[in-house]
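These notes are about the structure you will find just below.
This chain uses plain numbering: 1 for the first residue, then up along the sequence.
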Amino acid sequence: MAEPVHGNRPSLARPDRAPNWSDRHEGSVSPAIRDARTAYLKAIHGFPAWARMALRLRNRIVAPFGLRTEGAEGGELMATLPVVHESADRLEVGLADKHLTFAIETALSGGRAAVTTRIWFNHWSGRFYLAAVLLPHKLILRHSLRGLA
């Protein structure tokens, strides 16, 4: 499994305001998962086949607009996101581009995992992008969290 990148990318510069959009999904975690990094990596590598197909379609659509597409098959793109914060019980990764800035936090507590996604729009196209990926985002997160139990 690919490990999230440490050190060779700049820290995520989040806007100095509340996110424009966020959501949170929770699920049970197997006792074998002892830290947030393990939960995050297991969740993103458990993407269903339909999600991998959706990511391939996403790549074709967004590549002309300059959005990152390398490694977007399965969870590989997600596995290479820069780490914003890491402790045993919390891992936050994120990325900023001209369209939007996002952070994904995986937190473990009491045998449960919570995944919170936060988005700051940097351009009107960020809103459009979120609208296009919102339903698959929610379905993938729910599926991935079930895989941690």
Between [X] and [Y], is any pair of side-chain heavy atoms under 4.5 Å apart?
X      : Y      : answer
Tyr129 : His99  : no
His25  : Lys138 : yes
Ile104 : Glu92  : no
Lys42  : Ile33  : yes
Leu91  : Val83  : yes
Phe102 : Leu81  : yes
Glu26  : Arg112 : yes

Kindly give the heavy-atom pair with the smallest separation between [X] and [Y], and that separation in Å.
X     : Y      : value
Trp50 : Ile140 : CH2-CG1, 3.6 Å
Ala36 : Leu108 : N-CD1, 3.5 Å
Gly94 : Val84  : N-CG2, 3.8 Å
Pro82 : Leu95  : CD-CD1, 4.1 Å

Fill in the blank from the handout: The reported gap from CG in Asp97 to OG in Ser125 (rounded to nearest 0.5 angstrom) is 8.0 Å
Problem - Distance (rounded to the nearest 0.5 Å) between Ser144 OG and Ile44 CD1 - result: 8.5 Å
Handout entry: Verify same cluster id: Val133, Leu135 (apolar side-chain graph, 4.5 Å)
Key = yes
Handout entry: Shared hydrophobic cluster, Leu134 / Phe121 (ILVMFWY, side-chain heavy atoms < 4.5 Å)
Key = yes
Problem - Heavy-atom donor-acceptor pair, His45 side chain to Leu41 backbone, under 3.5 Å - result: yes
Practice task
Please confirm whether the backbone N or O of Arg118 pairs with a side-chain atom of Ser22, one donor and one acceptor, at under 3.5 Å?
Solution key: no
Practice task
Show the numbers, then the answer: is there a side chain to side chain contact (heavy atoms under 4.5 Å, CB included) between Leu130 and Ile119?
Solution key: CA-CA 9 Å; Leu130 177 61; Ile119 295 178; 3.7 Å; yes
Practice task
Determine whether the aromatic ring centres of His137 and Trp21 lie less than 6.0 Å apart.
Solution key: yes
Practice task
Verify the distance criterion only: is there a donor paired with an acceptor across the side chains of Asn122 and Thr101 at less than 3.5 Å?
Solution key: yes
Practice task
Take Leu100 and Trp120 through the test side chain to side chain contact (heavy atoms under 4.5 Å, CB included) and record every step on the way to the result.
Solution key: CA-CA 6 Å; Leu100 56 80; Trp120 296 264; over 6 Å; no
Exercise for the section: Test Leu141 against Thr117 for side chain to side chain contact (heavy atoms under 4.5 Å, CB included), laying out the working first. Expected result: CA-CA 10 Å; Leu141 270 175; Thr117 305; 4.1 Å; yes
